[in-house]
Amino acid sequence: MSSALRVISTANSAAPRAPYSQAIGVNGFIYCSGQIPMKPDGVIIMDDIKAAALQCLTNLKSVLEAGGSTIEKIFKVNVYLVDMADFAAVNEVYSEFFGTHRPARTCIAIKQLPLGAHIEIECIALE
């Protein structure tokens, strides 16, 4: 196991709009930065929380695949919502996306997210 940091990036996910990496691989783990519902072309999904949640998860999947991992290797997820009224809709999309795989998860209501997004999701996975 190498302790060297490996920067992971892909054009198949939204490009960072600030000074951070899409993910970092180290010691057999991949730490993914939070993904807002931004498509690779820079368009942010604002008007449909289900589509927004799916875009966040799709972005994470793309980043993990670029790092040589898969969604089945995710063991921790953090979900940030601007409005907890969206919790049930997000859970529906989340459940469909992960199927029978159930990573540990935290869901937190926060006041505001970057670029006016209503949801952000981050995860940690095995390489």
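Computed from a predicted model, the values in this text were never measured in an experiment.
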Any donor-acceptor pair under 3.5 Å from Thr106 side chain to Asn78 backbone: no
Non-hydrogen side-chain atoms of Ile71 and Leu60 separated by less than 4.5 Å: no
Donor-acceptor under 3.5 Å (Ser69 side chain, Glu65 main chain): no
Distance-only donor-acceptor check, side chains Lys61 and Asn59, under 3.5 Å: no
Same apolar cluster (I L V M F W Y, side chains within < 4.5 Å links), Ile49/Tyr80: no
Closest non-hydrogen atom pair between Ser62 and Thr10, with its separation: O-CG2, 3.7 Å
Nearest non-hydrogen partners of Pro37 and Ala52, listed with the distance: CB-O, 3.3 Å
Side-chain (Gln22) to main-chain (Ser33) donor-acceptor, under 3.5 angstrom: no
Connected via hydrophobic side-chain network under 4.5 Å: Leu115 and Ile45: no
Inter-residue atom distance Asp41.CG - Ile44.CD1, 0.5 Å rounding: 10.5 Å
Sub-4.5 Å side-chain heavy-atom contact between Ile124 and Ile74: no
Cluster overlap Ile24 with Tyr20, hydrophobic side-chain contacts below 4.5 Å: no
Side-chain donor/acceptor of Arg102 to backbone N/O of Gly99, under 3.5 Å: yes
Path from Phe75 to Leu64 over hydrophobic side-chain contacts below 4.5 Å: no
Lys76 and Glu122 ion-paired at < 4.0 Å: no
Lys111 versus Val82, closest heavy-atom pair with distance: O-CG1, 3.8 Å
Between Gln35 and Ser13, a side-chain donor and acceptor under 3.5 Å: yes
Flag, side chain of Ser95 to backbone of Asn91, donor-acceptor distance under 3.5 Å: no
Nearest-0.5 Å distance, CG of residue Asn12 to NZ of residue Lys39: 14.5 Å
Joint hydrophobic cluster, Ile119 plus Val77, side-chain heavy atoms closer than 4.5 Å: yes
Side-chain donor/acceptor of Arg6 to backbone N/O of Ile30, under 3.5 Å: no
Close side-chain approach of Tyr94 and Pro103, heavy atoms under 4.5 Å: yes
4.5 Å side-chain heavy-atom contact, Met38 and Val43: no
Gap between atom OG1 of Thr100 and atom CD of Glu72 - 0.5 Å precision: 8.5 Å
Nearest-0.5 Å distance, CE of residue Met84 to CD1 of residue Ile110: 10.5 Å
Glu120 side chain near Pro114 side chain, heavy-atom distance below 4.5 Å: yes
Nearest-0.5 Å distance, CD1 of residue Ile36 to SG of residue Cys56: 7.5 Å
Contact check, side chains of Ser21 and Ile8, non-hydrogen atoms, under 4.5 Å: no
Closest approach of Met46 to His118 (non-hydrogen atoms, all atoms of both residues): O-CD2, 3.4 Å
Stepwise salt bridge (charged side-chain N to carboxylate O under 4.0 Å, His left out) check, Lys73 with Glu127: CA-CA 7 Å; Lys73 292 184 178 182; Glu127 287 188 327; over 6 Å; no
Minimum heavy-atom distance between Phe97 and Leu54, given as atom pair plus value: CD1-CD1, 3.9 Å
